[in-house]
Asks: 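The structure follows.
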Amino acid sequence: MTQDPLLTGLAALAVEPPESLLERIAARWVRVPAPIGEVTVACTDQGVAYVHAGEGFAQAFRERFGRPLLPAARPPAGLLPALRTGRLSGLRLDLRGLSPFQRAVLDAAREIPRGEVRPYAWIAARVGSPRAVRAVGTALGRNPVPLLVPCHRVTRSDGMVGDYVFGAPAKERLLLEEGVDLDRLRALAGKRVFYLASDTTGVVCFPTCHNARRITAAHRHGFRSLAQARAAGYRPCRTCRPAQDVPA
DNA sequence: CGCATGGCCCTTA
DNA sequence: TTAAGGGCCATGC
């Protein structure tokens with residue numbers, strides 16, 4: 001056994017890193033209420049890194065981030081309203097470690113307003129990889145910060161709600177709470193209607209676009225595809241962007 | 001019109 | 001390095 005102060009110092013360091021270092025690299029966790037029930041949220045010095053529902057938070061966090069965890073005294077400012085509304089308003093996210101593709105997908109999902117939905121294919125086109133539809137699903141499935149990045153607003157092109165990191169039922173509940181009329185969407189899908197157009201404006205929208213909701217019945221026309229709407233003389237809405245100009 | 005089936009892109013094991 | 005498979009989509013009966 002050596003008495004060398006350097007070695008004992010190092011040994012102590014291995015067991016207990018100095019507080020300042022730990023402070024810097026550790027994530028802090030809190031349990032907070034969310035629309036789907038209680039969730040556990042982990043934050044780094046850069047922002048919110050992880051939102052987890054159900055059991056097994058610590059293990060899942062370790063496997064995914066491999067960073068030490070400490071309890072937080074209180075939730076960061078703005079977290080609770082952000083979880084409730086999906087509006088971050090200044091709350092920062094720590095998305096380091098995500099691939100550029102994943103980040104682009106999450107950024108696109110954040111463009112979907114509360115109360116509206118967009119297809120997976122829309123995200124794919126939005127990020128410039130129109131055929132990467134399945135990859136979009138995978139990326140959203142690995143969204144580390146659900147609710148804050150509203151991946152639940154991404155639904156299937158055939159009108160089904162699709163899957164969700166917290167389970168499809170939770171996705172449905174969230175969308176209903178946000179005011180999405182799922183029954184109506186299902187009814188439209190049953191008629192193979194995935195776009196709504198107005199013959200007063202000449203614009204065609206996704207059914208949940210706030211512009212589409214104001215079309216009166218007399219002027220409303222449903223379309224199965226964008227091509228058909230265009231053939232009928234409608235141009236894609238600039239708000240919901242059912243067609244995005246994909247650079248060739 | 002409901003179902004099956006390739007296809008496609010990205011990530012992970 | 002490669003191969004497999006996923007929160008999908010368009011097509012073809």
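All chains are named by letter (A, B, ...) in the order of the sequence lines, taking the proteins before the strands, and each is independently numbered beginning at 1. Predicted model only: the values in this text are computed from it and were never measured.
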Asks: Whom does C:dT2 pair with, Watson-Crick or G-U wobble, provided both distances fall under 3.5 Å?
Replies: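 Checking every strand shown, C:dT2 finds its partner in B:dA13, with both distances under 3.5 Å.
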
Asks: Measuring only between side-chain heavy atoms, which start at C-beta, is A:Tyr164 closer than 4.5 Å to A:Pro146?
Replies: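 A:Tyr164 reaches A:Pro146 side chain to side chain.
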
Asks: Between A:Tyr234 and A:Phe223, does the ring centroid distance fall short of 6.0 Å?
Replies: yes

Asks: Can you tell me if the side-chain N/O atoms of A:Ser99 get under 4.0 Å from OP1 or OP2 in B:dC10?
Replies: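 The answer is no; no side-chain N or O of A:Ser99 sits under 4.0 Å from OP1 or OP2.
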
Asks: Looking at A:Gln59 and A:Gly56, would you say the former's side chain and the latter's main chain have a donor-acceptor pair under 3.5 Å?
Replies: no

Asks: Which residue is it: A:Glu116, A:Glu178, A:Glu111? I am looking for the one with a salt bridge (Lys or Arg N to Asp or Glu O under 4.0 Å) to A:Arg153.
Replies: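 So, applying the salt bridge (Lys or Arg N to Asp or Glu O under 4.0 Å) to A:Arg153 and each of A:Glu116, A:Glu178, A:Glu111, only A:Glu178 qualifies.
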
Asks: Identify the nucleotide, in any strand shown, that forms a Watson-Crick or G-U wobble pair with C:dG7, with both distances under 3.5 Å; if there is none, say none.
Replies: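 Checking every strand shown, C:dG7 finds no partner, since no pair has both distances under 3.5 Å.
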
Asks: Side-chain heavy atoms under 4.5 angstrom apart, residues restricted to Ile, Leu, Val, Met, Phe, Trp, Tyr: same cluster for A:Leu188 and A:Tyr195?
Replies: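 No, A:Leu188 does not connect to A:Tyr195 through the hydrophobic network.
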
Asks: Walk along nucleotides 1-13 of chain C from 5' to 3' and tag each nucleotide B, S or - by protein heavy-atom contact under 4.0 Å, base first, then sugar-phosphate.
Replies: -----BBBS----

Asks: Rounded to whole Å, please give me the gap between CZ in A:Arg224 and P in B:dG2.
Replies: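 From A:Arg224 CZ to B:dG2 P: 11 Å.
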
Asks: Counting C-beta onward and ignoring hydrogens, is there a side-chain heavy-atom pair between A:Pro150 and A:Arg87 closer than 4.5 Å?
Replies: no

